[in-house]
Protein chains: 2
Amino acid sequence: MSKDSRDVPAPPWRKPRRPAQVKRQLNQELIVETGLAILDAEGFDALSMRRVAQELETGPASLYAHVSGKEELLELIYDRVCAEIRLPEPDPSRWKEQLREYALEVHRVFGEHADVARAALASIPTGEHSLRTGEFTYGLLIEAGMSPREASLAMDRLTLYLVGDAYEASVHWARMRAAGMRDPREYFEAFIRQITTYYRALPRERFPHLYDHVDDLTADGGEARFEYGLELLLDGIEARMPRT
Amino acid sequence: MSKDSRDVPAPPWRKPRRPAQVKRQLNQELIVETGLAILDAEGFDALSMRRVAQELETGPASLYAHVSGKEELLELIYDRVCAEIRLPEPDPSRWKEQLREYALEVHRVFGEHADVARAALASIPTGEHSLRTGEFTYGLLIEAGMSPREASLAMDRLTLYLVGDAYEASVHWARMRAAGMRDPREYFEAFIRQITTYYRALPRERFPHLYDHVDDLTADGGEARFEYGLELLLDGIEARMPRT
DNA sequence: ACCTGAACACCGTTCAAGT
DNA sequence: ACCTGAACACCGTTCAAGT
């Protein structure tokens with residue numbers, strides 16, 4: 001056989017190629033990154049093993065050398081997203097502000113990867129980056145004076161809230177996509193119109209409060225709802241924090 | 001043709017049959033009931049249009065005369081479960097106790113239909129019975145003195161909490177089923193052992209609090225977690241209730 | 001060790017055809 | 001109006017075979 005073509009320099013007019021590997025070199029990180037890209041661009045329902053394989057120009061069976069199955073892929077994607085969560089230097093004397101900042105930061109990151117919450121609730125995450133966020137919140141609560149036992153409960157409920165809210169938001173994103181819309185404001189307005197029409201058609205004698213206050217029911221959007229619930233939780237935790 | 005065999009009485013030794021209808025008469029209620037039965041017995045992942053059709057001894061296409069698709073079926077099943085939620089006569093002077101009772105009642109009903117929360121979060125329920133629960137909580141908050149605008153937020157977050165918690169529980173049920181276990185206690189113990197082993201294997205210098213308090217992290221089960229979060233929310237709402 | 005094609009046992013939904 | 005069989009375009013995972 002003649003020498004490998006990689007040994008001769010490419011002529012300068014030839015378009016640069018990726019390193020000459022006929023078959024794509026797969027690895028776990030590449031698979032996770034591809035999965036996340038599909039999740040972000042087309043949503044949870046579009047993410048399938050076959051779709052990931054297609055994107056990597058291979059068959060679905062090839063993925064199973066690097067990932068045990070779809071469930072593990074979802075966990076890995078979730079953890080990959082958790083890596084984007086920025087954490088401040090813990091300062092227990094400011095635990096409440098820091099917990100609020102943390103929650104808003106998680107909210108922001110989950111907002112940029114709308115459907116990742118569905119991956120989170122579909123499994124029980126134990127990856128390195130989600131542990132990092134756990135250590136942060138748990139340490140903050142304990143150093144602020146809460147007992148480890150109670151801090152476990154508080155952390156657990158706060159996490160559930162963050163994921164649950166993000167999940168709900170992702171359902172709306174999916175519906176928007178399904179309706180062929182692109183602008184969230186447009187979708188949101190259409191949604192409010194629908195709800196309003198529906199509630200106004202209700203028998204007033206059976207649902208007086210809902211009927212009378214449709215406008216209040218739809219007045220606040222996702223952001224305000226998120227922040228209201230967050231403050232409910234933070235206040236509740238504060239009331240339970242020793243010697244504040 | 002001879003007279004239909006239904007006109008001659010069956011001999012007493014023949015096993016009784018269902019009324020002789022060669023083809024099953026389908027209707028929406030029957031489909032919903034069948035779907036719920038599958039959901040309860042085998043979980044969310046087992047619930048498919050084809051499976052429901054099979055149970056009713058027909059083809060999947062037959063369902064589409066009574067139900068627009070899987071999404072509507074899930075909504076109908078969710079609403080059917082909401083019908084089981086018992087509501088007390090509203091007494092705004094006892095709003096906090098009644099809201100707590102309500103939350104525990106929802107928790108109980110969702111516990112009996114473990115996977116229904118997944119049907120709820122997968123759509124936006126607007127059925128008659130879920131409206132009934134909405135009217136109850138909303139009316140209670142308003143009559144207790146909260147502004148309609150803020151009551152909307154409080155109701156929304158409480159509902160999210162109830163559904164989110166139930167969803168999380170259903171993930172554990174699914175994992176238990178997948179592991180071939182039947183006894184929740186057995187599963188719970190195995191799960192705790194797993195978590196404990198995993199956390200103990202962590203580098204202590206990076207995750208000191210998680211490492212040191214594994215036992216506290218796993219000390220409380222689903223019920224205690226649910227109630228702790230519920231009290232956090234109720235206390236937060238109470239703090240915002242005018243002239244308590 | 002890693003990758004592959006083919007196969008298995010499933011999905012939700014549509015549609016033309018029947019009654 | 002309701003029901004049906006067949007088809008379409010998908011799933012996740014396994015397995016024997018290749019390199």
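The structure presented is a predicted model; accordingly, all values stated were derived computationally and were not measured. Numbers restart at 1 for each chain; the letters A, B, ... are given by sequence-line order, proteins then strands. Values below: every heavy atom of this structure, side chains too, minus hydrogens, waters and symmetry copies.
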- Task: Drop me the distance from A:Arg193's CZ to A:Thr197's OG1, to the nearest 0.5 angstrom.
- Result: 8.0 Å
- Rounded to the nearest 0.5 Å, what separation is found between the CG atom of B:Leu104 and the CZ atom of B:Phe226? 5.5 Å
- Annotated structure of DNA chain C as dot-bracket, pair cut-off 3.5 Å, Watson-Crick or G-U only, | for inter-strand, is ||.|||||...|||||.||
- Locate the shortest heavy-atom distance separating A:Glu84 from A:Glu105; write the atom from each residue and the value. O-OE2, 3.6 Å
- Between A:His66 and C:dA1, is there a side-chain N or O to OP1/OP2 distance below 4.0 Å? no
- Using atom CD1 of B:Ile31 as one end and atom P of D:dC2 as the other, report the distance to the nearest whole Å. 11 Å
- Query: Any side-chain heavy atom of A:Thr133 within less than 4.5 Å of one from A:Tyr102?
  - Reply: yes
- Query: What integer number of Å spans the P atoms of C:dC10 and D:dA9?
  - Reply: 22 Å
Could you run down the sub-3.5 Å N/O contacts of the protein with nucleotides 9-16 of chain D?
residue : atom : partner : partner atom : Å
D:dC11  : OP1  : A:Ser48 : OG           : 3.1
D:dG12  : OP1  : A:Met49 : N            : 3.2
D:dG12  : OP1  : A:Lys70 : NZ           : 3.2
D:dG12  : OP2  : A:Met49 : N            : 2.9
D:dG12  : OP2  : A:Arg50 : N            : 3.3
D:dG12  : N7   : A:Arg50 : NH1          : 2.6
D:dG12  : O6   : A:Arg50 : NH1          : 2.6
D:dT13  : OP2  : A:Tyr64 : OH           : 2.6
D:dT13  : OP2  : A:Lys70 : N            : 2.9
D:dT13  : O5'  : A:Tyr64 : OH           : 3.2

- Message: Rounding to an integer number of Å, can you tell me how far B:Leu63 CG sits from D:dG5 P?
- Response: 13 Å
- Item | Nucleotide C:dC2, atom C1' - distance to CD of A:Gln28 in whole Å | 15 Å
- Message: Tell me whether B:Arg80 is salt-bridged to B:Glu29, with the criterion being a basic N under 4.0 Å from an acidic carboxylate O.
- Response: no
- Is it true that A:Arg225 and B:Asp156 have a side-chain N and a carboxylate O under 4.0 angstrom from each other? yes
- Between B:Tyr199 and B:Phe207, is the gap from one ring center to the other below 6.0 Å? no
- Message: Check this one for me: any side-chain N or O of A:Ser62 less than 4.0 Å away from OP1 or OP2 of C:dT4?
- Response: yes
- Message: Strictly below 4.0 Å, N to O, side chains only: are A:Arg132 and A:Glu128 in salt-bridge contact?
- Response: no
